[in-house]
Visitor: 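The structure under discussion is supplied below as structure tokens; questions concerning it will follow.
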Amino acid sequence: MSSQPRLYVKADLKPDAEVRLDDEASKYLLRVMRLSPGDRVRVFNGQHGEWLAELLPPEGKQAILSAVEQMRPQTGTEAPPLTLLFAPVKKSETDFIVEKATELGVQTIQPVVTQFTQTRTVRLDRFNKIALEAAEQTERLDLPQIHDLTSLDKALDGLPQGTVVIFCDEAGDEDGKPWGGEMGRARSAASVIDSLKGQPAAILIGPEGGFSPEERAYLRGREGMHPVSLGPRILRAETAVVSALTLWQAICGDWSAV
């Protein structure tokens with residue numbers, strides 16, 4: 001892995017293109033990294049691949065880069081067609097979910113409101129910053145699309161046609177027993193995901209407390225829905241996100257091609 005700083009930029013990237021950095025990126029290169037004119041930086045914009053750029057003499061506190069040559073093309077590096085639908089939890093745990101979803105190659109991140117969702121507001125600016133930093137650190141060449149909070153049914157209706165939905169449903173169907181007993185339990189996530197290879201997918205993670213009985217009935221009765229179990233232990237929401245995304249990437253995603 002290169003020791004050169006790596007930054008996401010919004011400017012077009014082509015030979016000799018001038019890239020003027022914002023205040024935060026300029027401060028990072030000039031004051032934190034203490035780079036000097038002539039030093040090299042890697043940049044990407046989600047459209048034109050990754051480029052090697054040279055630091056020019058700054059203008060006051062603004063750092064300016066000049067694109068030198070393309071190091072990696074954009075084609076073939078796009079995130080696989082995977083959407084994460086999740087119910088926001090506490091602030092630090094929700095930040096963790098956005099960060100890890102970006103690291104694990106999710107294409108679209110969609111927070112949803114369910115009956116047991118505790119947090120009903122989200123900050124897209126914060127989510128986008130977390131995703132940007134995660135993409136910079138993990139060699140990703142694009143950024144995930146992050147949508148504003150919406151209801152569960154609207155999120156499902158908004159998925160691209162043909163998307164299969166893998167929803168983590170740890171409950172059984174026996175009323176009065178802890179987590180619904182054993183009857184009606186979903187199949188293992190690994191076996192279900194393996195049967196869905198080659199299809200665009202969305203993974204749905206509920207809030208602390210899981211889905212309500214009404215939501216479970218709605219989800220199980222909807223076309224294209226695939227309930228799964230993540231094992232015999234009840235996982236925290238953020239742990240369930242990482243577990244489900246890891247399984248999908250290993251079986252259906254770009255890990256399987258490595």
Visitor: Could you state the interatomic distance from CG (Asn128) to CD (Gln145), rounded to the nearest 0.5 Å?
Guide: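 Here the rounded value is 10.5 Å.
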Visitor: Any idea which heavy atoms bring Ile64 and Pro57 closest together, and the distance?
Guide: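 Shortest heavy-atom separation between Ile64 and Pro57 comes out as CD1-O, 4.2 Å.
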Visitor: Could you walk me through whether Phe211 and Phe116 pass the ring-ring contact (aromatic ring centres under 6.0 Å, His included) check?
Guide: CA-CA 7 Å; Phe211 297 105; Phe116 297 153; 9.0 Å; no
Visitor: Whether the side chain of His147 engages the backbone of Gln110 through a donor-acceptor N/O pair (distance < 3.5 Å, no angle test) should be reported.
Guide: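 Here the side-chain-to-backbone pair does not exist.
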Visitor: Passes salt bridge (Lys or Arg N to Asp or Glu O under 4.0 Å), Asp142 versus Arg140? Steps please.
Guide: CA-CA 6 Å; Asp142 63 346; Arg140 183 168 172 166; 2.7 Å; yes
Visitor: Please check if the side chain of Arg40 supplies one atom and the backbone of Gln4 the other of a donor-acceptor pair under 3.5 Å.
Guide: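 A pair under 3.5 Å: no.
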Visitor: Ignoring hydrogens and geometry, is there a side-chain-to-backbone donor-acceptor pair from Asp194 to Ala190 under 3.5 Å?
Guide: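 No, because the side chain of Asp194 does not come within donor-acceptor range (under 3.5 Å) of the backbone of Ala190.
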Visitor: Check the pair Glu238 / Lys90 against salt bridge (Lys or Arg N to Asp or Glu O under 4.0 Å), numbers first and verdict last.
Guide: CA-CA 10 Å; Glu238 65 272 22; Lys90 296 176 182 178; over 6 Å; no
Visitor: Among Arg6, Gln70, Gln74, whose side chain to side chain donor-acceptor pair (under 3.5 Å) with Glu50 holds?
Guide: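 In the set Arg6, Gln70, Gln74, the residue that makes a side chain to side chain donor-acceptor pair (under 3.5 Å) with Glu50 is Arg6.
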Visitor: Do the side chain of Gln137 and the main chain of Ala134 share a donor and acceptor less than 3.5 angstrom apart?
Guide: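 No, because the side chain of Gln137 does not come within donor-acceptor range (under 3.5 Å) of the backbone of Ala134.
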Visitor: For residues Gly46 and Tyr8, report the shortest heavy-atom separation together with the two atoms involved.
Guide: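 Nearest pair, atom of Gly46 first, then Tyr8: N-CE1, 4.2 Å.
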Visitor: Do side-chain atoms of Thr117 reach the backbone of Ala87 as a donor and acceptor pair under 3.5 angstrom?
Guide: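 Checking the backbone N and O of Ala87 against the side chain of Thr117, no donor-acceptor pair under 3.5 Å is found.
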Visitor: Check the hydrophobic clustering (I, L, V, M, F, W, Y; side-chain heavy atoms under 4.5 Å; chains of links allowed) and say if Val68 and Trp51 are grouped together.
Guide: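 Per the 4.5 Å side-chain linkage, Val68 and Trp51 are not co-clustered.
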Visitor: Are any of the side-chain heavy atoms of Thr150 and Val113 separated by less than 4.5 Å?
Guide: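 No - every pair of side-chain heavy atoms lies 4.5 Å or more apart.
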Visitor: Phe86 vs Phe127 aromatic rings, parallel, tilted or perpendicular, using cut-offs 30° and 60°?
Guide: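 Because their plane-to-plane angle lies in the 30° to 60° range, the rings of Phe86 and Phe127 count as tilted.
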Visitor: Please tell me if the side chains of Gln107 and Pro144 come closer than 4.5 Å, counting only heavy atoms from C-beta onward.
Guide: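 No, side chains not in contact.
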Visitor: With the side chain counted from C-beta on, respond yes when Arg216 and Asp169 share a heavy-atom pair under 4.5 Å apart, and no when they do not.
Guide: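 Yes, close enough: below the 4.5 Å cut-off.
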Visitor: Would you call Lys14 and Glu69 a salt bridge, using N to O less than 4.0 angstrom?
Guide: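 The answer is no: the pair does not qualify as a salt bridge.
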Visitor: Taking NZ, NE, NH1 and NH2 as the nitrogens, is one of them in Asp22 or Lys10 under 4.0 Å from a carboxylate oxygen of the other?
Guide: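 The answer is no: the pair does not qualify as a salt bridge.
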Visitor: Any side-chain heavy-atom pair from Arg42 and Met71 closer than 4.5 angstrom?
Guide: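 A side-chain contact under 4.5 Å exists here.
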Visitor: Do Leu52 and Leu13 sit in one hydrophobic cluster, given that two such residues count as connected whenever their side-chain heavy atoms are within less than 4.5 Å of each other, even indirectly?
Guide: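 The answer is no; the residues belong to distinct hydrophobic clusters.
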Visitor: State whether the side chain of Ser229 and the backbone N or O of Gly231 hold a donor-acceptor pair below 3.5 Å, judged by distance alone.
Guide: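 The answer is yes, because a donor-acceptor pair under 3.5 Å joins these two groups.
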Visitor: Measure across Gln62 and Leu21 and return the closest heavy-atom pair with its distance rounded to 0.1 Å.
Guide: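 Smallest heavy-atom distance, with atoms named: NE2-O, 3.3 Å.
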Visitor: Measuring from Leu196:CG to Ile251:CD1, what's the distance to the nearest 0.5 Å?
Guide: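 Separation between the atoms: 9.5 Å.
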Visitor: Should Val43 and Leu141 be regarded as members of a common hydrophobic cluster, given that ILVMFWY residues are connected when their side-chain heavy atoms come within less than 4.5 Å of each other, either directly or indirectly?
Guide: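 Different hydrophobic clusters.
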Visitor: Taking the side chain as every heavy atom from C-beta outward, state whether Asp254 and Gln249 have any pair of such atoms under 4.5 Å apart.
Guide: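 Result yes, sub-4.5 Å side-chain heavy-atom pair found.
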Visitor: Can you tell me how far the CG atom of Leu85 sits from the CG atom of Leu159, to the nearest 0.5 Å?
Guide: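 It comes to 5.5 Å.
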Visitor: Looking at Lys27, I'd like to know if its NZ atom is crowded, meaning that more than 12 non-hydrogen atoms belonging to other residues, nucleotides or ligands lie closer than 6.0 Å.
Guide: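 Atom NZ in Lys27 is not crowded, with 12 or fewer foreign heavy atoms closer than 6.0 Å.
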Visitor: Nearest 0.5 Å, what's the CG-CG distance between Asp148 and Leu124?
Guide: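 The CG atom of Leu124 is 4.5 Å from CG of Asp148, to the nearest 0.5 Å.
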Visitor: Heavy-atom distance under 4.5 Å between the side chains of Arg72 and Phe44, does that happen here?
Guide: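 Arg72 does not reach Phe44 side chain to side chain.
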Visitor: Determine, stepwise, if the pair Glu59 / Arg20 fulfils salt bridge (Lys or Arg N to Asp or Glu O under 4.0 Å).
Guide: CA-CA 10 Å; Glu59 293 185 2; Arg20 292 177 173 267; 3.0 Å; yes
Visitor: Please report the interatomic distance NE2(His226) to CG(Leu219), rounded to the nearest 0.5 Å.
Guide: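 Here the interatomic distance stands at 12.5 Å.
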Visitor: Do the charged groups of Lys91 and Glu93 touch, with an N to O distance under 4.0 Å?
Guide: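 A salt bridge is absent here (no side-chain N lies under 4.0 Å from a carboxylate O).
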Visitor: Just checking, any donor-acceptor pair under 3.5 angstrom between side chains of Ser243 and Thr246?
Guide: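 Side-chain D/A pair, Ser243 to Thr246: absent.
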Visitor: Distance-only, no hydrogens or angles: does the Asn45 side chain make a donor-acceptor pair with backbone N or O of Ala11 under 3.5 Å?
Guide: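 At least one qualifying donor-acceptor pair exists.
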Visitor: Taking only Lys NZ, Arg NE, NH1 and NH2, and the carboxylate oxygens of Asp or Glu, determine whether Arg222 and Asp157 approach each other closer than 4.0 Å.
Guide: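 So Arg222 pairs with Asp157 through a salt bridge.
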Visitor: What heavy-atom pair brings Thr108 and Val106 nearest, and what distance separates the two atoms?
Guide: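 Closest pair (atom of Thr108, atom of Val106, distance): O-CG1, 3.0 Å.
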Visitor: Treating Thr102 as the side-chain partner and Val98 as the backbone partner, does any N or O pair qualify as donor plus acceptor under 3.5 Å?
Guide: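 At least one qualifying donor-acceptor pair exists.
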Visitor: Side chain of Thr94, backbone of Pro88: donor and acceptor closer than 3.5 Å?
Guide: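 Answer holds: no.
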Visitor: Which value, rounded to the nearest 0.5 Å, describes the distance between Leu149 atom CG and Arg123 atom CZ?
Guide: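 CZ of Arg123 is found 15.0 Å from CG of Leu149.
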Visitor: Closest heavy-atom contact between Ile203 and Ala244?
Guide: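 Shortest heavy-atom separation between Ile203 and Ala244 comes out as CD1-O, 3.6 Å.
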Visitor: Ignoring hydrogens and angles, tell me if any N or O in the side chain of Ser26 forms a donor-acceptor pair with the backbone of Asp23 under 3.5 Å.
Guide: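 Not at all, since once roles are kept as given, no pair shorter than 3.5 Å links the two residues.
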Visitor: Are Met33 and Leu55 co-members of a hydrophobic cluster defined by side-chain heavy atoms under 4.5 Å apart?
Guide: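 In one cluster with Leu55: Met33, yes.
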Visitor: Check the surroundings of atom CD in Glu214: do more than 12 heavy atoms from other residues, nucleotides or ligands lie under 6.0 Å from it?
Guide: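 Atom CD in Glu214 is crowded, with more than 12 foreign heavy atoms closer than 6.0 Å.
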Visitor: Would you name the heavy atoms of Leu230 and Leu247 that are closest together and state the gap between them?
Guide: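 Looking at all heavy atoms of both residues, the shortest contact is CD2-CD1, 4.0 Å.
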Visitor: Should Val122 and Ile130 be regarded as members of a common hydrophobic cluster, given that ILVMFWY residues are connected when their side-chain heavy atoms come within less than 4.5 Å of each other, either directly or indirectly?
Guide: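 Both belong to a single hydrophobic cluster.
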Visitor: In the structure I gave you, are the side-chain heavy atoms of Lys197 and Cys252 within less than 4.5 Å of one another anywhere?
Guide: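 Heavy-atom side-chain distance check passes, below 4.5 Å.
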